[in-house]
Peer 1: 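Could you have a look at this structure, given as structure tokens, before my questions?
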Amino acid sequence: MKQDLFVYNTLTRKKEKFKAINAPHVGMYVCGPTVYSDAHLGNCRTYISFDIIFRYLNHLGYKVRYVRNITDAGHLEGDADEGEDKISKKAKLAKLEPMEIAQKYTVGFHDVMQILNILPPSIEPLATGHVIEQIELVKTILEKGYAYEVDGSVYFDVEKYNSTNDYGVLSGRNLDDLLTNTRSLGGQQEKRGKLDFALWIKAKPETLMKWPSPWSVGLPGWHLECSAMSEKYLGEHFDIHGGGIDLIPTHHTNEIAQNMAACGKTPANYWVHTNMLTVNGQKMSKSLGNSFLPHELFSGENSILNKGYSPMTVRFFMLQAHYRSTLDFSNDAMEASEKGFKRLMNSFGLLKDLKASSTTEVEIKSLSDRCYEAMNDDFNSPVLIAELFEASRIINSVYDGKLKIDAENLELLKQLMNSFVLDVLGLKDEQAAGDDLPQVLNFIVNLRNEAKSSQDYATSDKIRNGLQQIGIQLKDTKEGTNWTKI
RNA sequence: GGUCAGAUGGCCGAGCGGUUAGGCACAGGUCUGCAAAACCUGAUACAGCGGUUCAAGUCCGCUUCUGACCUCCA
């Protein structure tokens, strides 16, 4: 059942058999958020995708060290390296300390991650906490001759690097194309080549976040932190490096160059990239103005939305598409997911009430195999979900007494649903009402059943309609009356 | 302009050489006081034009359209 796992590797543009360097240990690094504003829904999709990968590797028995950084400094804005640090810029506007901004959005990010049931990574390092490591890395790259210093700033020499390495391995672009098609930006007199990028930036008088270094008081370049922190926690060469597909051409390309220049090793075996969330066919992004925040989606408070959708509906919606495909957001698609998710969870809830027969008309093993097959094929969650709907159909049929299942298969079915719905997909039942609602409802349901058995349908319908209006739906079955929250 | 991806039924989305993915919506049926749910059955599909093959959404070429990246982005 645990056949080989295949993972699509951006480096080779193929699905490759996954082989951990140090099995059962797996090192995985994913580029985390820059905490200068709220994470929008598109950001969330990436972290949900890697959450599934993390969860499935764990499920297969790997011991995963999952490192996802927080960029709380060093991420420049505007034209290449001439801009200001994003965090500092925001801080000046709001008259806040940079760390105050970083703290605020870090807390917000964690909240959203938790609401969406995304597991925390094993290590979540901060860029500001690793300036020393970053400075050391710059020193090494300078020593190896792949960088040069100009007036307190240090730049990576891309053309020199490309003479002995392939700078475009990940993006599939060659240097000539890049050179001829890259816009020449102003204010870059210090750089020798137009593709060169900053490793260390000398602080300007107005720079708020700055650290001493051998070259100047300044700040590290953005690409540096991931190289420094992945090496610190996962070593020079680890298993999986991930991030959004939009990080390929610049951030990850530069990261590889830094690592190769410093130690001659490409950081990771498998490069995994998640695709974008689109709205009406266009990438969701802040600059296009079509992005919205998770809490707006939950509450429905955004003009794009007809209504709010629960966090698990959002998660389910995203898992119904493969992580490497673009996923288009629409109200219709959300509503379809909402109903589908309810259907799945409804049958999941029925599982505990199923009775085993002495014979069986279903065989769960092959269904289970197909679930593993789906996930082993580059984490194909939509196919997994299709299989789980088959399980759902079986559960409902058994519950209705239309299908027989024996104890052994029932146990397998329970294991299957628990493993895949809860552990791997990370879905959870949002209907589980705490408090004392069940008792109150049972009382009301009993009242209605009394009316029903005396054929007082006027009263029984009145009760049912009344509950419907406050969001409780009653369903009469052979075994009695059930209720669910709508 | 350059580079790279896509175009699948009313909608969302898998599949990528031969066998109806799945969900939502729709139609018919079973059950039920009626609903709802559930179950059964059904109809719609692979952008266009050529080619390869016994066989092509699935491979190749061209055309059209869309998107991403080339500048910060998950």
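Every chain is numbered from 1 and lettered A, B, ... according to where its sequence line falls, protein lines coming before strand lines.
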Peer 1: If we call it a pair only when both distances are under 3.5 Å in a Watson-Crick or G-U wobble match, what pairs with C26(B)?
Peer 2: G42(B)
Peer 1: Would you mind telling me which of C34(B), A68(B), G23(B) lies closest to the side-chain atoms of K283(A)?
Peer 2: A68(B)
Peer 1: Looking for any heavy atom pair under 4.0 Å, which part of the strands does Y47(A) touch: base, sugar-phosphate only, or nothing?
Peer 2: sugar-phosphate
Peer 1: Using a heavy-atom cut-off of under 4.0 Å over every strand shown, decide if S460(A) touches base, sugar-phosphate, or nothing.
Peer 2: base
Peer 1: Does the side chain of D476(A) come under 3.5 Å of the side chain of T481(A) through a donor N or O and an acceptor N or O?
Peer 2: yes
Peer 1: Please find out if less than 6.0 Å separates the ring center of Y155(A) from that of F197(A).
Peer 2: no
Peer 1: Would you indicate what D461(A) reaches in the nucleic acid, counting non-hydrogen atoms under 4.0 angstrom: base, sugar-phosphate, or nothing?
Peer 2: base
Peer 1: In terms of side-chain heavy atoms of K402(A), which of U3(B), A37(B), C39(B) is nearest?
Peer 2: C39(B)
Peer 1: According to the Watson-Crick and G-U wobble definitions, with both distances under 3.5 Å, which nucleotide is paired to G1(B)?
Peer 2: C70(B)
Peer 1: Is the F379(A)-Y8(A) ring centre distance short of 6.0 angstrom?
Peer 2: no
Peer 1: Is there a Watson-Crick or G-U wobble partner for C54(B) with both distances under 3.5 Å, and if so, which one is it?
Peer 2: G18(B)
Peer 1: Just to be sure I understand the geometry, which residues of residues 37-44 of chain A put a non-hydrogen atom under 4.0 Å away from RNA chain B?
Peer 2: H40(A), G42(A), N43(A)
Peer 1: Pick the P atom in U64(B) and in A56(B), then give their distance to the nearest Å.
Peer 2: 26 Å
Peer 1: Reckon R393(A) has a side-chain N or O less than 4.0 Å from the OP1 or OP2 of C40(B)?
Peer 2: yes
Peer 1: Considering only A14(B), C39(B), C69(B), which nucleotide approaches the side chain of S397(A) most closely?
Peer 2: C39(B)
Peer 1: Describe the nucleic acid contact of L388(A) in one word from base, sugar-phosphate, nothing, applying a heavy-atom distance below 4.0 Å.
Peer 2: nothing
Peer 1: Considering only the P atoms, how many Å lie between G13(B) and U8(B), rounded to the nearest integer?
Peer 2: 9 Å
Peer 1: Distance between the P atoms of G61(B) and G22(B), in whole angstroms?
Peer 2: 32 Å
Peer 1: If you compare every side-chain N and O of S325(A) against the phosphate oxygens of G13(B) (OP1, OP2), does one of them come in below 4.0 Å?
Peer 2: no
Peer 1: Given the side-chain rings of F420(A) and Y372(A), with only the six-membered ring counted for Trp, is the space between their centroids under 6.0 Å?
Peer 2: yes
Peer 1: Between K339(A) and A25(B), is there a side-chain N or O to OP1/OP2 distance below 4.0 Å?
Peer 2: yes
Peer 1: Between G67(B) and N280(A), is there an OP1 or OP2 to side-chain N/O distance shorter than 4.0 Å?
Peer 2: no
Peer 1: Donor-acceptor pair, distance only, cut-off 3.5 Å: does the side chain of D51(A) make one with the backbone of Y47(A)?
Peer 2: no
Peer 1: Do the side chain of R45(A) and the base of A74(B) come within less than 3.5 angstrom through a donor-acceptor pair of N or O atoms?
Peer 2: no
Peer 1: Take atom C1' in G15(B) and the same atom in C46(B), then report the distance between them in whole Å.
Peer 2: 11 Å
Peer 1: Any sub-3.5 Å donor-acceptor pair from R324(A)'s side-chain atoms to H273(A)'s backbone N or O?
Peer 2: no
Peer 1: Ignoring the backbone of D400(A), work out which of C39(B), A14(B), G23(B) is nearest its side chain.
Peer 2: C39(B)
Peer 1: Between the base of G33(B) and the ring of Y457(A) - centre-to-centre under 5.5 Å, planes within under 30° - is that a stack?
Peer 2: yes
Peer 1: Can you tell me the distance, in whole Å, between the CZ atom of F348(A) and the C1' atom of A37(B)?
Peer 2: 19 Å
Peer 1: Heavy atoms from C-beta onward define the side chain here; which of G67(B), G33(B), G22(B) lies closest to that of R448(A)?
Peer 2: G33(B)
Peer 1: Considering only G13(B), C39(B), A68(B), which nucleotide approaches the side chain of R343(A) most closely?
Peer 2: C39(B)
Peer 1: Please state how far atom CD1 in I201(A) lies from atom C1' in C72(B), giving the value in whole angstrom units.
Peer 2: 13 Å
Peer 1: What is the nucleic acid contact for M284(A), judged by heavy atoms within less than 4.0 Å: base, sugar-phosphate only, or nothing?
Peer 2: base
Peer 1: Find the distance F317(A):CZ to G13(B):C1' and express it as a whole number of Å.
Peer 2: 10 Å
Peer 1: Which part of the nucleic acid, if any, lies within reach of P249(A) when heavy atoms closer than 4.0 Å are counted: base, sugar-phosphate only, or nothing?
Peer 2: sugar-phosphate
Peer 1: Between A5(B) atom P and H273(A) atom NE2, what is the distance in whole Å?
Peer 2: 15 Å
Peer 1: Counting side-chain heavy atoms from C-beta on, which of C69(B), G23(B), C34(B) comes nearest to A336(A)?
Peer 2: G23(B)
Peer 1: I'd like the P distance from A74(B) over to U20(B), given in whole Å.
Peer 2: 43 Å
Peer 1: Roughly how far apart, to the nearest Å, are C72(B) and G18(B) at atom C1'?
Peer 2: 48 Å
Peer 1: Please check this pair: side chain of N275(A) against backbone of Y323(A), looking for a donor-acceptor N/O pair closer than 3.5 Å.
Peer 2: no
Peer 1: Starting from P on C34(B), measure out to CD1 on I463(A) and report it in whole angstrom.
Peer 2: 19 Å
Peer 1: Looking at N380(A), does any N or O in its side chain come under 4.0 Å of the phosphate oxygens OP1/OP2 on A14(B)?
Peer 2: no
Peer 1: When the P atoms of G1(B) and C54(B) are considered, how many whole Å apart are they?
Peer 2: 41 Å
Peer 1: If you look at every strand shown and take non-hydrogen atoms under 4.0 Å, does N465(A) touch a base, only sugar-phosphate, or nothing?
Peer 2: nothing
Peer 1: Walk me through whether H223(A) and H252(A) qualify under ring pair (Phe, Tyr, Trp, His ring centres under 6.0 Å).
Peer 2: CA-CA 8 Å; H223(A) 313 298; H252(A) 287 165; 9.5 Å; no
Peer 1: Quantified in whole Å, what is the P atom distance between nucleotide C39(B) and nucleotide G48(B)?
Peer 2: 35 Å
Peer 1: Which listed nucleotide (A74(B), G67(B), A14(B)) is nearest to the side chain of Q282(A)?
Peer 2: G67(B)
Peer 1: In this structure, how many angstroms lie between the C1' atom of U3(B) and the CG atom of L175(A), rounded?
Peer 2: 14 Å
Peer 1: Touch check for L403(A), heavy atoms < 4.0 angstrom, all strands: base, sugar-phosphate only, or nothing?
Peer 2: nothing
Peer 1: List the steps, then state whether ring pair (Phe, Tyr, Trp, His ring centres under 6.0 Å) holds for F317(A) with F341(A).
Peer 2: CA-CA 8 Å; F317(A) 162 71; F341(A) 176 61; over 10 Å; no
Peer 1: Does any donor atom in the side chain of S381(A) or Q320(A) lie under 3.5 Å from an acceptor atom in the other side chain?
Peer 2: no
Peer 1: When you check the glycosidic angle of G51(B), does it come out syn, meaning within 90° of 0, or anti?
Peer 2: anti
Peer 1: With respect to the side chain of R173(A), which nucleotide from C34(B), A21(B), C69(B) is positioned closest?
Peer 2: C69(B)
Peer 1: Closest nucleotide of RNA chain B for R13(A) versus for N346(A): which of these residues is on the 5' side?
Peer 2: R13(A)
Peer 1: Could you let me know what G6(B) is paired to, Watson-Crick or G-U wobble, both distances under 3.5 Å, or none if it's on its own?
Peer 2: C65(B)
Peer 1: On RNA chain B, compare the nucleotides closest to D328(A) and E387(A); which residue's is nearer the 5' end?
Peer 2: D328(A)
Peer 1: Measure from the side-chain heavy atoms of D332(A) and tell me the nearest of C39(B), C11(B), A74(B).
Peer 2: C11(B)
Peer 1: In Watson-Crick or G-U wobble terms, both distances under 3.5 Å, what is the partner of G33(B)?
Peer 2: none
Peer 1: Regarding A333(A), tell me which of base, sugar-phosphate or nothing describes its non-hydrogen contacts under 4.0 Å with the strands shown.
Peer 2: sugar-phosphate
Peer 1: I need the full list of salt bridge (charged side-chain N to carboxylate O under 4.0 Å, His left out) pairs touching residues 381-392 of chain A, with sequence neighbours left out, sorted by first then second residue.
Peer 2: R370(A)-E387(A), E390(A)-R393(A)
